[in-house]
Structure formats: structure tokens, C-alpha cells
There are 2 protein chains.
Amino acid sequence: MKKTKDETTEEQILEAAKSVFQSKGMDGARMQEIADKANINKAMLHYYYRNKELLFEAVFKQAFSLLAPQLNTILNDDSSVEDKIRHFTLNYTTFMMKHPYLPNFIIQELNRNENFILKLKQNTGFPNLEKFKAKVKDEINQGIIKPIDADQLFFNILALNIFPFLGKPLIKAFSDKDEKSYKEFVESRKTEVANFIINSIKCK
Amino acid sequence: MKKTKDETTEEQILEAAKSVFQSKGMDGARMQEIADKANINKAMLHYYYRNKELLFEAVFKQAFSLLAPQLNTILNDDSSVEDKIRHFTLNYTTFMMKHPYLPNFIIQELNRNENFILKLKQNTGFPNLEKFKAKVKDEINQGIIKPIDADQLFFNILALNIFPFLGKPLIKAFSDKDEKSYKEFVESRKTEVANFIINSIKCK
DNA sequence: ATAAGGTTTAACCAAATGGTTAACAAATGT
DNA sequence: ACATTTGTTAACCATTTGGTTAAACCTTAT
């Protein structure tokens, strides 16, 4: 009974699981809710993914695999550090505005299960900072940017870009923004963040 | 039967609850585990806190109340913007190195329960950005710092300081740091982050 | 047509979980 | 001394939850 229809059952499950796991986390998610959302019997979840843990892993891996290409725009292309920062900030923020649950989901589950990231690290395509580090050192030597530890710089970039999504409730509460002005705030960061970073590191 | 001993039962419970909730979250925490850790009968949890939700709220409020004073070092003192940033970065990082679960716990639970923060906001002492915003505008007019939206600046400061704790697994994996070099990395941020920000905004 | 294989369902199960109860013990006020 | 309140425990309970089973249902190859 192959489904040539729009979606195979296995995909329906993964889709539903994604939605439930990403908004409630591993511990908060219920298999029944996933089954309901996928419009199938609960037993099907086990038929296709054996158990909750494996279903979760499938969702998590797919989520993480969306993050990696984003990071490669900054890590593995050949442009200048300034261009890397501008491209990444624009790309990342644009992308995450479409997938707002993603950053929190990944951070939360990575913190919940310490050795989860070890599995990921064995995958090919796991982000590697070496090329970025070399480029930073290079531009420092050339006098294009001021001396800074490349790790510190990289995680500053990451921090400034990810935080608006992780800290959404904090941002809304502290600065009295409603949903609309929160979105404007994030939107304006597509360029503001890059300017902020480049201002800090660029030699004049 | 008042306990004049080292710790009252109620405090033991809160202590144990703090430890379990902060490392596993509301959904992942088990009442039995809390009881075991507090060395008391599970019924005592309900005797003192009625149910899981209320016990959790007690823990969460206490956790959040540790964060607020940190923020007031940047929001409500009278020093220059530069000094605010240097003090906050030093204080916050020092404090969180002693309470590494706190940032993730707060962020995670705030994202889990949207209207949780509304309750907090009614409390007196809830962080207010007005004074900080005024000071930033003032220094911009005086030509001490470059033009920047005060909200953007504030959340940049927050992002750069909180991220090392939220993203610990990411940092360790991406930059191949063990526990020791991760701690050195965070330690060095006590001054690096402030320099990074001030570099970006200060007029030369 | 029908046997064989994968796919789907309803009903079921054991364990875990938050919460309750009733009896007991320790303080405290009178 | 003793009655009353407060603190504590073991046993219990109802529900939820992840997971299983056995039968039914399609689809396809022969």
C-alpha cells in the first residue's frame, strides 16, 4: 500500500513529532499527542520509529541538520571576515524567523542530554572552526581587524544572533514589546548586529 | 516541633526541589526524586507546597529573584554606560559561574510557559529599562558613545553575557574545549565581553 | 484468485507518576 | 497532665504514559 499521495505515513509522523517535540521538548511531549496530530494510531509511531527516544532522535537530527548549513556560511566560505559576519547575520536571522522554535529546541535538548552532541560530532559536516580561525588571524596580521581571539569572536557572533530567539519572553517583558514590535526588533537586527560586531573589530 | 536545627524541613524541600527542577526542568522533574534528595516522605512535598506546580513556582521565583539584582547593576545605578557594562559583565559572569544551571533554567521555563513572566512582571523590582535608556541617549547626545538603539544595546549586552552558559555544550563541541578550557574561556569573558561592546560603541 | 508481505487498528498492559488518606509522633498551650 | 495543633510516615489510589499484541486490512506479485 505505497502512498503515492502527498505524504507518506512515516513523513506525517515525523512532521507531527517535529511540531510537538520542538514546542514541548522531549520530556513534555506525549506520544499520544504526536499520533493525534499525525492522524494515526499510536501503535504506528512504534511501528516506524520503535520508541520515543528514536523518534526524538530523528527529529533532533533533522533540526540540527538545518543549523549546520547556516554555520557553514560563516565558517567555510572564502569571503572576508566582514562579509562573513554580514552574510551570516542576515541569513541566520531570516531563517530563524521562519523556524522560531528551532534555537530553543536545540539548546534545551543539548543541555538535557550531555552526550547527545557527541553522536552529532561524528557526522560529517559537523561545524569546524579551523578555517574561520585562520581567516581571522590572517586579517589581524594584515591590519584589517583588531586583535581578538577567534573563538571569542565566533561565539559573540553566535550569541548576538541566537539570543533574540532564545530570550524572546525576556525581551518582550523587559522592553514592553508586543508581538509586532518584537518582530520589528528582530528584523532590524539583520543589519544592526553585523554593524555592532564590525564596529567593534574593524581597524579604521 | 520547630526545627532549630541547621535546616527546617521546608527549606530542605526547597533546596532539593531547586536542584532537581533546575537540572531537569518542570517536565523532567519527578516528585519522588525531590523527596529522596530532601530525605523526606513524598507526602511532605504536598503538605508544604500542595502540588508540583506550586513547588515549581516557589523554585522559579527564587531563581528569578537572583537574576533581578544582577540586572539592576546595569539598569539602576548612576555610573557611565561604560562602567555599567564593565561592572555588569564582571558581576554577571562571576555570579553565573557559581550558578551555571540558572540561565538555562530560566530561559527554558519562560519559553515553556508564556504567561509565567506576566506574574513576575507584577512584582516590584521587576527590571525596568527606562533609566538605562535615558542614560544611553544622554551619552549619545554628549558624544561619548555612538548612536545606538538602547534596547538593542541592552540585549546585546545580555546576549553576550548569557550565551556562554546557555550554549555550553555547543561551545565545548564546536571549539573542542574540555571542561577546563571551557571555564577559562568563560573566565576570560569577564573582561573580553566588556571590551568588545565598548569598542563597538565608544567614540574615539 | 490467492498467498505473502507490509500497513493499520482497537484493545490491552505494566510501570510510573502526582496526589491522598489515615494513623501516628512530636510539640505546644493551658 | 493532657488536649490540641503541627509534622511525619507508610500505604494506597486514579490516571497517565510508553509500549505491546493479535487480528484485520491493503497492495502486489504470481
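Values below: all heavy atoms of this structure, side chains included; hydrogens, waters and symmetry mates excluded. To find a chain, count down the sequence lines: A is the first, B the second, and so on, and within it residues start at 1.
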(request) Answer yes or no on whether B:Arg112 is positioned over the face of B:Phe56, meaning its NZ or CZ is under 6.0 Å from the six-membered ring centre and within 45° of the axis. (result) yes
(message) When you measure from the centre of the six-membered ring of A:Phe116, is the NZ or CZ of A:Lys119 closer than 6.0 Å and no more than 45° off the axis?
(response) yes
What's the [atom1]-[atom2] distance between [X] and [N], to the nearest Å?
X: A:Asn51; N: D:dG18; atom1: CG; atom2: C1'; result: 9 Å
X: A:Met31; N: D:dT20; atom1: CE; atom2: P; result: 10 Å
X: A:Gln32; N: D:dT17; atom1: CD; atom2: C1'; result: 10 Å
X: A:Glu33; N: D:dT16; atom1: CD; atom2: P; result: 14 Å
X: A:His46; N: C:dA14; atom1: NE2; atom2: C1'; result: 14 Å
X: A:Tyr48; N: C:dG6; atom1: OH; atom2: P; result: 12 Å
X: B:Ile34; N: C:dG18; atom1: CD1; atom2: C1'; result: 11 Å
X: A:Met44; N: D:dG19; atom1: CE; atom2: C1'; result: 15 Å

(request) Could you tell me whether A:Arg189 and B:Asp149 make a salt bridge, using a distance below 4.0 angstrom between a side-chain N and a carboxylate O? (result) no
(message) I'd like to know if A:Asp151 pairs up with A:Lys133 as an ion pair, taking the criterion as any Lys NZ or Arg NE/NH1/NH2 lying under 4.0 Å from an Asp or Glu carboxylate oxygen.
(response) yes
Taking only the side-chain nitrogens and oxygens of [X], find out if one of them lies under 4.0 Å from OP1 or OP2 of [N].
X: B:Tyr47; N: C:dG19; value: no
X: A:Arg30; N: D:dG18; value: yes
X: A:Thr9; N: C:dT7; value: no

(request) Would you mind classifying the nucleic acid contact of A:Ala29 as base, sugar-phosphate or nothing, using non-hydrogen atoms under 4.0 angstrom? (result) sugar-phosphate
(message) Quick one about A:Gln32 and A:Asp36 (side-chain donor to acceptor, distance below 3.5 Å, no hydrogens or angles considered), yes or no?
(response) yes
(message) Between the base of C:dG19 and the side chain of B:Lys42, is one N or O donor paired with an acceptor at under 3.5 angstrom?
(response) yes
(message) Taking the minimum atom-to-atom distance to the side chain of A:Ile40, which one of C:dT9, C:dT20, C:dG18 wins?
(response) C:dT9
